[in-house]
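One structure below.
Residue numbers count from 1 along this sequence.
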Amino acid sequence: MSKIKLSILIGILTIILPYLGFPYFVKNVLFLVFGVTIIVISCQLSKTLKNETEKENEQIDNFSENDDFESK
């Protein structure tokens, strides 16, 4: 499962969690686990996106100067 799909699933679970009838302690623990999971996934996604954009912006100059050659 991709990180984006996992974060969407956890977001949906977070939305419906208050209506599932769990005791307060269980709800608090699940909110904490879901929140930390979303934070970790978003940090990993931002790192991978940052690395991809750095690779795209990397320029390679491919040229050679032909000062040594004279046309005769």
Would [X] end up clustered with [Y] when hydrophobic side chains under 4.5 Å apart are linked, directly or stepwise?
| X | Y | answer |
| --- | --- | --- |
| F31 | V40 | no |
| I16 | F34 | yes |
| I10 | I12 | yes |

Taking all non-hydrogen atoms of both residues, which atom of I41 and which atom of K3 are closest, and how far apart?
-> CG2-O, 3.6 Å
Looking at side-chain heavy atoms only, is the closest gap between L17 and L13 below 4.5 Å?
-> no
Can you measure from OG (S42) to CD1 (I38) and round to the nearest 0.5 angstrom?
-> 8.0 Å
dist I4:CD1 -> L45:CG (nearest 0.5 Å) comes out at 5.5 Å
Show every donor-acceptor pair shorter than 3.5 Å between a side-chain atom in residues 19-28 and any protein atom, with sequence neighbours excluded, or say none if there are none.
{"residue": "K27", "atom": "NZ", "partner": "P18", "partner atom": "O", "Å": "3.2"}
{"residue": "N28", "atom": "ND2", "partner": "Y24", "partner atom": "O", "Å": "3.4"}

